[in-house]
Amino acid sequence: MFCTKCGAKLPDNAKFCPKCGNPCTIKKQFSEQVNQTFRSTERKMESEIHNVKQSFSSNDQMPAGRKERLQDDRSLAIYILLSIVTCGIYSYYFIYKMAHDVNIACEGDGEMTSGLAAFIILSFLTCGIYSFYWSYKIGNRLCTNAPRYGMTFPENGTTVLVWDLIGILLCGLGPFVAMHILIKNSNRICNAYNRQNNL
């Protein structure tokens with residue numbers, strides 16, 4: 001840490017610069033806030049990484065007939081942050097897990113949200129067009145199943161598709177709004193499923 005007035009090196013616990021007497025408390029408070037924010041983000045990231053490990057190991061250990069608790073606290077900020085940190089790999093895990101949870105919560109509706117393998121292969125073969133169709137379908141499925149849990153969603157697959165395609169013209173923010181809608185609605189459906197099954 002250095003003095004903002006004279007540039008002299010300061011001890012970590014200094015309240016005043018020993019050379020010029022300039023107070024150091026504002027910089028220290030800012031530094032503590034930055035460290036606190038970093039630690040909080042680090043804890044959230046560790047929690048997400050733990051969830052990734054748990055989901056792969058729990059599929060093998062789940063006893064027959066026992067219902068699993070679905071994740072109902074997904075976050076757009078964590079999705080973006082971890083996708084950046086992992087160079088996009090986390091976004092694929094996120095899609096896999098969301099499809100998995102939606103398939104469980106909406107079971108019996110005659111629909112099936114395709115998983116990660118189909119998403120990657122079909123998106124590749126269609127130059128990314130399938131990813132828009134996948135978002136459209138899951139948006140419609142969540143909207144259709146909401147009354148089953150005593151809810152209604154104003155957004156459906158068309159809303160998601162419009163944000164994905166046309167919303168991209170708004171400084172590229174459209175796909176993030178579309179993902180926010182899917183996250184919000186899947187969290188609500190998964191939460192209702194967990195409460196209904198006492199999970």
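Nothing fancy with the numbering, it's 1 onward along the sequence.
- Looking only at atom types and distance, the side chain of Y136 has a donor-acceptor partner in the side chain of N140 under 3.5 Å away.
- Residues F124 and Y92 do not share a hydrophobic cluster, clusters being chains of Ile/Leu/Val/Met/Phe/Trp/Tyr side chains in contact below 4.5 Å.
- Note that CG of L122 is 12.0 Å distant from CD1 of I129, once rounded to the nearest 0.5 Å.
- A side-chain donor from one of S114 and Y130 sits under 3.5 Å from a side-chain acceptor of the other.
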Query - Verdict with supporting geometry, N191 and Y149, side chain to side chain contact (heavy atoms under 4.5 Å, CB included) - result: CA-CA 10 Å; N191 181 269; Y149 293 103; over 6 Å; no
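- Within the model, atoms NZ of K184 and CD1 of I189 stand 11.0 Å from one another, a figure rounded to the nearest 0.5 Å.
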Report task. Would you sort out whether R74 and D101 count as a salt bridge (charged side-chain N to carboxylate O under 4.0 Å, His left out), showing the intermediate values? Result -> CA-CA 11 Å; R74 291 182 176 88; D101 288 357; 2.6 Å; yes
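- To the nearest 0.5 Å, the span separating OG on S186 from CD1 on I138 amounts to 7.0 Å.
- A donor-acceptor pair shorter than 3.5 Å can be found between the side chains of N103 and R141.
- Heavy atoms only, all atoms of each residue included: D109 and E111 are closest at OD1-N, 3.0 Å.
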Identify every side-chain donor-acceptor pair in residues 157-180 under 3.5 Å, counting partners at least two apart or on other chains, and give the distances.
| unit_1 | atom_1 | unit_2 | atom_2 | d |
| --- | --- | --- | --- | --- |
| T159 | OG1 | N156 | N | 3.3 |
| T159 | OG1 | N156 | OD1 | 3.3 |

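- Side-chain contact check for K67 versus Y193: some heavy-atom pair is nearer than 4.5 Å.
- Smallest separation of non-hydrogen atoms from S123 and S131: OG-N, 3.6 Å.
- N187 and D72 share no side-chain donor-acceptor pair at under 3.5 Å.
- The structure places CG of L142 at 5.5 Å from SG of C106, a figure rounded to the nearest 0.5 Å.
- Of all the heavy atoms in E68 and L199, the pair that sits closest is O-CD1, 3.3 Å.
- Checked by atom type, the side-chain pair R188/N185 shows no donor-acceptor distance below 3.5 Å.
- A 4.5 Å side-chain heavy-atom check between I183 and F94 finds at least one atom pair inside the cut-off.
- Here I104 contributes atom CD1 and N197 contributes atom CG; the two are 10.5 Å apart, rounded to the nearest 0.5 Å.
- When hydrophobic clusters are built by joining Ile, Leu, Val, Met, Phe, Trp and Tyr residues whose side-chain heavy atoms come closer than 4.5 Å, directly or via intermediates, Y133 is not grouped with I121.
- In this structure, CE on M98 lies 13.0 Å from CG on L116, to the nearest 0.5 angstrom.
- Taken together through direct or relayed side-chain contacts under 4.5 Å among Ile, Leu, Val, Met, Phe, Trp and Tyr, F119 and I89 form parts of separate hydrophobic clusters.
- Looking at Y90 and I84, their side chains never come closer than 4.5 Å, going by heavy atoms from C-beta outward.
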